[in-house]
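A short worksheet on the structure shown next.
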Amino acid sequence: MQNLAIAIHGGAGTITPASMTPELEKAYKRALSHAISESFSVLEKGGTALDAVELAVVLLEDSPLFNAGRGSVFTKEGKHEMDAAIMCGKTLEAGAVAGIRSIRNPVRLTRAILEHSDHVFLSGYGAEEFARKYNIAFESEEYFYDQHRYKQWRDVRDTDIFILDHTEERKFGTVGAVARDSNGDLAAATSTGGMTNKNYNRIGDSPLIGSGTYANNKTCAISCTGHGEYFIRAVVAYDISCLMEYKGYTLQEACDEVVMNKLVKFGGEGGLIAVDGKGELALPFNSEGMYRGYRSSGKVGRVAIYKD
Ligand code: ASP
């Protein structure tokens with residue numbers, strides 16, 4: 001057995017059956033299942049963990065259901081500014097972007113940075129210039145327009161309120177993926193539109209290596225979702241990796257300590273997906289729900305939204 005494993009998320013928050021219609025629930029599950037089966041088959045064909053997480057995130061970015069890529073929320077200026085990161089657990093190479101506009105798949109840009117740049121983290125106009133150089137696809141503003149998200153933003157645009165996407169009546173969210181491939185290599189990727197009505201070029205945890213995204217073959221690969229300000233200050237992803245590396249915690253123990261204890265005491269709502277070197281998965285969250293899915297060698301895969 002090769003211990004192939006993949007897990008994905010589509011955001012965490014106040015997600016309850018009461019806030020969902022059967023059609024919407026089906027649509028979410030279909031989108032999650034599709035991303036899982038496509039990315040798992042990359043692993044089955046001998047593809048790398050990096051390829052698998054990139055593809056899973058591309059598929060979720062292309063869906064208007066999630067707050068990433070096409071479905072990104074509106075900023076205070078009525079625009080879309082996206083953040084994303086990818087990391088390779090074998091080499092510890094990473095690529096990240098913040099505050100980018102008009103890029104169809106921000107995760108593709110992070111991969112290009114990982115592969116072709118001496119830098120890790122690019123932002124705004126410069127990141128877009130880099131994207132042009134590597135033929136990353138751009139889209140017009142209409143591509144990112146979604147009526148529900150427009151309404152979400154219109155209700156708060158003249159205020160200083162900024163809201164986590166999935167605390168609204170309809171719940172959407174940031175997307176992410178983690179994987180272990182047939183060589184035992186790990187990778188993680190995360191992509192987001194951030195928070196509705198965000199201003200001052202606010203950046204969340206998702207593109208920050210060590211906070212929202214981290215991968216290290218020695219320990220684990222992690223992609224987070226939730227209230228970014230708390231995840232940044234708790235350095236969530238690296239904290240979990242450190243508990244494993246320096247304290248000998250298992251993946252599950254480390255995730256429980258950080259998500260269910262430390263973050264809860266801190267007031268940080270959200271969750272994450274994680275995989276370790278053996279292909280064990282953990283998908284903890286301290287919110288009402290988290291859009292999620294996973295599959296691993298020899299085990300039945302699953303997609304879920306609410307608490308078990
Ligand atoms: N963590 C993201 C941010 O704060 C939001 C989310 O996960 O939905 O930008």
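The structure presented is a predicted model; accordingly, all values stated were derived computationally and were not measured. Scope of the values below: all heavy atoms of this structure, side chains included, with no hydrogens, waters or symmetry mates. Read the numbers this way: they start at 1 and go in the same order the structure lists the ligands and their atoms.
Residue Ser206 touches ligand 1 through its side chain alone, judged by heavy-atom distances below 4.0 Å. Residue-level proximity to ligand 1 for His9 is absent, since no heavy atom of it falls below 4.0 angstrom.
Between Thr190 and the options Asp205, Asp83, Thr174, Thr213, a side-chain hydrogen bond (donor to acceptor under 3.5 Å, both in side chains) holds for only Thr213.
Here the shortest heavy-atom distance to atom 4 (O) of ligand 1, taken over Met82, Glu229, Arg202, belongs to Arg202.
Proximity of a side-chain donor or acceptor of Asp276 to a complementary backbone N or O of Cys220 within less than 3.5 Å is not detected. Not one N or O on the side chain of Glu54 forms a donor-acceptor pair closer than 3.5 Å with the backbone of Asp51. Of the possible polar contacts, none joining the Asn201 side chain to the Gly99 backbone as a donor-acceptor pair under 3.5 Å is found. In this structure, Arg292 contributes its side chain and Met290 its backbone to a donor-acceptor pair below 3.5 Å. Asp181 places a side-chain N or O within 3.5 Å of a backbone atom of Gly184 that can act as its donor or acceptor partner.
The distance criterion of under 3.5 Å between nitrogen or oxygen atoms is not met by Asn67 with respect to ligand 1. Of the polar atoms of Asp205, at least one N or O is found under 3.5 Å from an N or O of ligand 1, judged by distance alone. The shortest N or O to N or O distance between Gly228 and ligand 1 is below 3.5 Å. Note: no N/O pair closer than 3.5 Å links Gly194 and ligand 1 by distance alone.
In the vicinity of Thr174, heavy-atom distances shorter than 4.0 Å reach the ligand 1 atoms 2 (C), 5 (C), 6 (C), 7 (O), 8 (O). In summary, the atoms of ligand 1 found under 4.0 Å from a heavy atom of Gly204, numbered by their order in the structure, are 9 (O). Numbered from 1 in the order shown, with element, the atoms of ligand 1 that lie under 4.0 Å from a heavy atom of Thr225 read 6 (C), 7 (O), 8 (O).
The closest approach between any non-hydrogen atom of Gly212 and ligand 1 is not below 4.0 Å.
Counting only heavy atoms from C-beta outward, the side chains of His34 and Leu59 approach each other to under 4.5 Å.
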Determine, step by step, whether Tyr134 and His116 satisfy the ring pair (Phe, Tyr, Trp, His ring centres under 6.0 Å) criterion, reporting the C-alpha distance in whole Å, the side-chain angles of both residues, the deciding distance to 0.1 Å, and the verdict.
CA-CA 9 Å; Tyr134 289 95; His116 305 296; 4.5 Å; yes

